[in-house]
Chemist: 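Take a look at the following structure, please.
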Amino acid sequence: MNKNWCVVESGYDVNNHYKNETIFAVSNGFIGSRATFEEGYDGDMDKTIEGNFINGFYESEVIKYGEKGYGFPDVSQTMLNVPNAKGFEIYINHERCNIFTGNITDYKRVLDLKRGLVTRSYIWSKNALSVYVEIEKFASMTHKNKLALRLKVKPITPCEVKVISFIESKVQNDTPRTNARIDYGPYEPVLLEVKRNRLEMIHRTKHTGFDLITHLHHSLEGEYFEEDDRIGEIFYGHEITLDKVISYHASTDEDLSKLNRKDFSYDELKQAHLSYYQDFWNHADVSIEGDDDLQIGMRFNMFHLLQATGRDGKTSVGAKGLTGEGYEGHAFWDTEMYALPFFLYTKPEIAKSLLEFRYHTLDQARDRAKVMAVDGALYPWRTINGEEASPYFPAGTAQYHINADIAFAVWRYFEVTGDMDFMKIMGTEILVETARFWFSYGDYIDTKDGKFCINGVTGPDEYTAIVNNNFYTNSLAKENLINACKSLDLLAEEERTLLQNKLDISESEPSKWLHAADNMYIGYNKEKGLYPQDDAFFDKAKWDIENTPKEKFPLLDNYHPLMIYNKQVSKQADIVLAIFLLEEKFDLETIKKHYDYYEAVTVHESSLSFCIHSILASHIGYHDQAYDYFMKSARLDLDDVHNNTHAGIHMANLAGTWMCIVNGFGGMKIKQGNLHLDPVLPEKWDAYAFTMSFKGTTFKVTVKDQVSFEYLEGPGLDVHLYGKKVRIEC
Ligand code: BGC
């Protein structure tokens, strides 16, 4: 076991139980499975938050509002807890064996990040009986429908072993912090199909009418049984090694009538899975010399980010990945502004599939724009299926910046990959429809010198709602409008004509977008020499952060939203994020001034905040602060900094730590389509290295006393290192 690649739990501690169900969860972007104990809890299921999820598979409920307004979403979307096929019961000479029923020694759980495997093992003893139990598990990275487990029960003293392995359909959601709780068993069993060594259940959701096939294949022949909500097989022996290969197939993903059932052996799947991980780390690893805890934190974050993310163009990535029910499994802007950059530079095909998801849900966004009586398309603030699912509009639908975020990601994707095929249809359509939204939603306002204003929005800072001219929103909307025009210009004449006809773009329309962009209102306060976060931000008193009692944080849990909106206080990076994204446009002094001001009014009550502050602090030479913020981000889930890791990992933050290293300490920036690096070495480290790709060239950057590059693959590339051109090639 390589200590820099493994998260280890060496001894069971009930206090870490729920957190560790998240930490040791396995997923593959499609299936997610919390690290509950497969062999059960001696009937005491209170000790677990069982969770098996399928990306994109959800149930809907009518949302109950106190007062419902026009355009509020009617129904919820809740990622469902699907039938559990992992379970088994172990009996040693008729005694139930699990970690609560005997004397446990040598307990160990290892999450092997390098190989994508979780192994849990222990020695169980009772009444002079003793056995070794080991369970290895992974969610296949190469066969997205498959989850595989290998159970070994090895007697230490002679005994009879019995294993009952099953699929259980009695599952329920336990959605925290939502008003759309699905607290009933959401399935109608439509069919139970049973074959020898081959167990299958088919279920249909009550409201959405989706079908799900749960299929279990055992490596051994057992005795079939069927009871209440379970079907399974029973195995007997003196020593048992049993492989369980579980397949989930959902009608949200494929046509189930055409399903081609193919069984793979555990070893076949494992082999392919290990190769996938090897390739992933060859393209994505970040190493840190001089701090082992951080090293693990970094790799853990990248591992979980990869696990969390849909890769089929039909699904996105939830704010909690597939590790818990927090946020009901919804995807937010976290996808484009946090997760996507990581993939863009390590596995660009995944970045593309995330954008394809947005393309495939463009029609829902067009429909939403119609509901809102605006042109173009309006993407949902939170969603699974592409429709808006945000019931609280001030910190939901009003975050129209989601449109500009997606547009920003489309353009960045093009800059970094040069993928013209994607731009020809998908990229350009997204840019055009989102630009249309801004042009239609914004207005030229007399009292603002006739400038183009975007009023009545919420920016990224959810503690300042429904404001006029949020700096972040206006700045990114401006880019959106410009890049829509640029993308049309990229097209060959014939392609452009085709698209103009398809989207009904008149000759004069792009020039209107440009005019709005050129005249975009960006407020400036001369006295302070600062851009205000929005028109009214400086007119409010500052929240007295220092004298607010500790127990009153997080503010939203302790104050009515209006009391928070009434003051100058930011939940998370807002203007600081805009400056990071558009850094080329600002000089160092301006960046510093804005960082100083806004950092002081930010409470970081979103895990999306630390990393952005770390990056900008790094760029302005605030190295201690950069490091402090990085530390807060790097082990946020491993150390349960927000005390809510049990509800799922903080997906955006996982990606944020990668940005801290590569964009922050590594100083990676794109300027006029070129790659720039200005690395600094944090004092506490001996060295660090990261691997990344740009325009098809993959290379490793090592930062020690000096910076060195190692070419790995691709056509070769010019990189600007501290402003000087360096060629990386074979
Ligand atoms: C943040 C949002 C974020 C959401 C999901 C909220 O607390 O304020 O910016 O999109 O969490 O991660």
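Along the sequence shown, the residues carry numbers beginning at 1. Indexing begins at 1, ligand by ligand and atom by atom, following the structure's order.
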Chemist: Contact between Tyr338 and ligand 1, counting heavy atoms under 4.0 Å?
Modeler: no
Chemist: Of the listed options (His650, Glu462, His401), which comes nearest to atom 2 (C) of ligand 1 when hydrogens are ignored and any heavy atom counts?
Modeler: Glu462
Chemist: With heavy-atom distances below 4.0 Å as the criterion, list the atoms of ligand 1 near Trp381.
Modeler: 10 (O)
Chemist: So, Arg366 and Glu429, do they make that salt bridge, N to O below 4.0 Å?
Modeler: yes
Chemist: Which of the listed options, Gln572, Glu605, Met651, Arg382, holds the heavy atom that is closest to atom 1 (C) of ligand 1?
Modeler: Gln572
Chemist: When you compare ligand 1 with Tyr327, is there at least one nitrogen or oxygen pair between them that comes in under 3.5 angstrom?
Modeler: yes
Chemist: Can the positive tip of Arg382 be found less than 6.0 Å from the middle of the six-membered ring of Tyr327, inside 45° of the ring normal?
Modeler: no
Chemist: Does Lys347 qualify as a cation-pi partner of Phe280, given the criterion of NZ or CZ under 6.0 Å from the six-membered ring centre and within 45 degrees of its axis?
Modeler: no
Chemist: Can you list the atoms of ligand 1 that are under 4.0 Å from a heavy atom of Ala319?
Modeler: 5 (C), 12 (O)
Chemist: What atoms of ligand 1 come within less than 4.0 Å of a heavy atom belonging to Lys571?
Modeler: 1 (C), 6 (C), 7 (O), 8 (O)
Chemist: Testing Tyr629, Phe553, Tyr463 one by one against His604 for a ring pair (Phe, Tyr, Trp, His ring centres under 6.0 Å), which residue passes?
Modeler: Tyr629
Chemist: Against Asp461, only a single residue in Gln572, Gln399, Gln533 fulfils side-chain hydrogen bond (donor to acceptor under 3.5 Å, both in side chains); can you say which?
Modeler: Gln533
Chemist: Charged N to carboxylate O under 4.0 angstrom, Glu336 versus Arg358?
Modeler: yes
Chemist: For Trp333, take its heavy atoms, then give the atoms of ligand 1 lying under 4.0 Å from any of them.
Modeler: 2 (C), 3 (C), 9 (O), 10 (O)
